[in-house]
Amino acid sequence: MWRKPAGDGQTLPPGLVERWKAEQAELRAKMVVAPLPDVPRYVAGADAAFVNPGDGPEGGAGRVVACALVYDRVERRAVEVAHAVRPLEVPYVPTFLSFREGPAVAEAIRKLTHPFGVVCFDGQGYAHPRRCGLAVHLGVTLDVPAIGCGKSRLIGTYDELGDQPGDTSALMHAGEQVGLVLRTKVRTNPVFVSVGHRVDLPSAVRVLQACLTKYRIPEPTRLADIEVAKVKKRVLAGVA
DNA sequence: GCGACAG
DNA sequence: ATCTTGTCGC
């Protein structure tokens with residue numbers, strides 16, 4: 001006996017996708033691309049995790065756990081950490097990631113009190129079908145400089161790049177460069193960098209390279225990933 | 001029409 | 001992203 005594909009394949013409210021597309025178009029229109037004067041000392045990072053992902057809309061038990069932090073490049077450590085937990089409203093639909101984890105991530109970022117020059121997101125920015133990935137969506141919404149740094153590709157094509165840290169390849173889509181594929185570590189898959197808001201690609205790449213240590217992912221994002229895992233454990237343990 | 005598809 | 005232990009490698 002066959003079954004409908006478990007996990008996704010869920011029926012979304014009629015017209016929701018169209019409304020989402022319209023919202024992405026509006027946000028995309030407000031995006032600003034400009035170089036950053038200098039690589040800021042304080043770079044924020046954010047990430048999200050899920051509790052009972054499958055229970056999405058119906059189950060009611062699904063939760064989105066988000067964490068945002070401010071990383072000090074000089075002391076190489078986080079100087080502030082904030083988090084947020086919100087109910088999981090929608091399933092994951094490719095190209096609409098922002099609507100699933102965006103609200104929680106935005107709430108966590110808004111809780112930060114320590115100043116920062118730019119936020120690094122775990123996902124695409126301009127390298128999106130409608131040029132409105134997570135980094136553009138939240139960067140514009142919060143009107144804060146933002147960079148998209150994904151661990152895998154959403155759209156675009158690129159020529160194979162060199163195997164040395166710092167080697168790059170242009171990420172192309174529909175005849176334009178939407179981002180840069182960057183090798184951050186030897187014998188490791190590259191990351192996908194793209195503009196979010198109030199930055200340009202060269203600035204974004206400089207910021208990321210200034211935030212790299214011994215890992216593939218820039219420190220702000222890596223530390224946020226570690227923090228969000230801790231918060232998730234506390235949520236699972238029922239700690240308030 | 002047939003894949004691909006951030007986290 | 002999440003389901004999941006140990007294990008091969010630097």
Side-chain angles (χ1 to χ4, degrees), chain A residues 5-10 12 17 20-21 24 27-28 45-57 59 61-68 84-106 108-109 119-139 146-158 163 165 171-174 178-182 185-196 204 208 213-218 220-222 224-233 235-236:
Chain A
D8 58 287
Q10 301 178 47
L12 291 170
V17 167
W20 279 351
K21 285 186 179 179
Q24 291 183 325
L27 292 167
R28 159 69 184 81
D47 192 25
F50 305 87
V51 178
N52 300 331
D55 286 330
R63 295 299 180 75
V64 184
V65 178
C67 178
V85 180
R86 303 184 43 127
L88 189 44
E89 314 275 25
V90 299
Y92 168 67
V93 181
T95 77
F96 296 107
L97 172 67
S98 318
F99 296 95
R100 181 174 168 80
E101 61 174 58
V105 175
I109 293 175
V119 191
C120 183
F121 288 97
D122 185 13
Q124 315 298 328
Y126 191 76
H128 176 280
R130 292 170 294 283
R131 309 297 184 255
C132 189
L134 182 68
V136 171
H137 191 125
L138 295 185
I147 294 172
C149 181
K151 298 184 294 297
S152 61
R153 185 197 70 92
L154 174 60
I155 58 157
T157 60
Y158 59 97
D163 56 4
L171 181 61
M172 308 296 293
H173 179 71
V178 296
L180 196 71
V181 186
L182 170 69
K185 188 178 189 297
V186 289
R187 276 167 276 109
T188 302
N189 292 326
V191 295
F192 300 75
V193 187
S194 60
V195 166
L208 292 183
T213 57
K214 62 196 303 193
Y215 305 96
R216 174 165 86 119
I217 301 302
T221 302
R222 198 180 72 81
D225 186 74
I226 293 173
E227 287 303 319
V228 83
K230 293 180 183 175
V231 178
K232 176 179 177 177
K233 277 191 175 183
V235 170
L236 284 172

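Below, chain A is the first sequence line, B the second, and so on; all start at residue 1. Here the structure is a predicted model, which means the values were calculated and not measured.
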Nearest-angstrom distance from the residue atom CG of L171(A) to P of dC5(B): 13 Å
Salt bridge (charged side-chain N to carboxylate O under 4.0 Å, His left out), paired with K151(A), selected from D122(A), D225(A), D47(A): D122(A)
Side chain to side chain, S194(A) and L180(A), heavy atoms closer than 4.5 Å: no
5' priority, DNA chain C, between R187(A) and L236(A) [closest heavy atom]: L236(A)
N-O pairing of D163(A) and R187(A) below 4.0 Å: no
Sugar-phosphate only, base, or nothing, as touched by K214(A) at under 4.0 Å among non-hydrogen atoms: nothing
Whole-Å distance separating the NE2 atom of H173(A) from the P atom of dA6(B): 14 Å
Touch class at under 4.0 angstrom, heavy-atom based, for F96(A) against every strand present: base
Side chain of R153(A) - closest among dA6(B), dG7(B), dC5(B): dC5(B)
Whole-Å gap separating C1' (dA4(B)) and CG (L154(A)): 9 Å
Close side-chain approach of V235(A) to V85(A), heavy-atom, < 4.5 Å: yes
Touch class at under 4.0 angstrom, heavy-atom based, for G133(A) against every strand present: base
Gap between atoms CD1 and P, on I226(A) and dA1(C) respectively (whole Å): 13 Å
OP1 or OP2 of dA6(B) under 4.0 Å from side-chain N/O of K151(A): no
For atom OH of Y215(A) and atom C1' of dC10(C), their distance in whole Å: 13 Å
Nearest-Å distance for atom pair CZ/C1', residues F50(A) and dT2(C): 10 Å
Nearest-angstrom distance from the residue atom CZ of F99(A) to P of dG7(B): 18 Å
D122(A) side-chain proximity, nearest of dG7(B), dC5(B), dT2(C): dG7(B)
Phosphate contact (dA6(B) OP1 or OP2) by S98(A) side-chain N/O below 4.0 Å: no
Stacking check Y92(A) vs dA1(C) (5.5 Å / 30 deg): no
Atom-pair distance (CG on L134(A); P on dC5(B)), nearest Å: 19 Å
Ring geometry between W20(A) and F96(A) (parallel below 30°, tilted from 30 to 60°, perpendicular above 60°): tilted
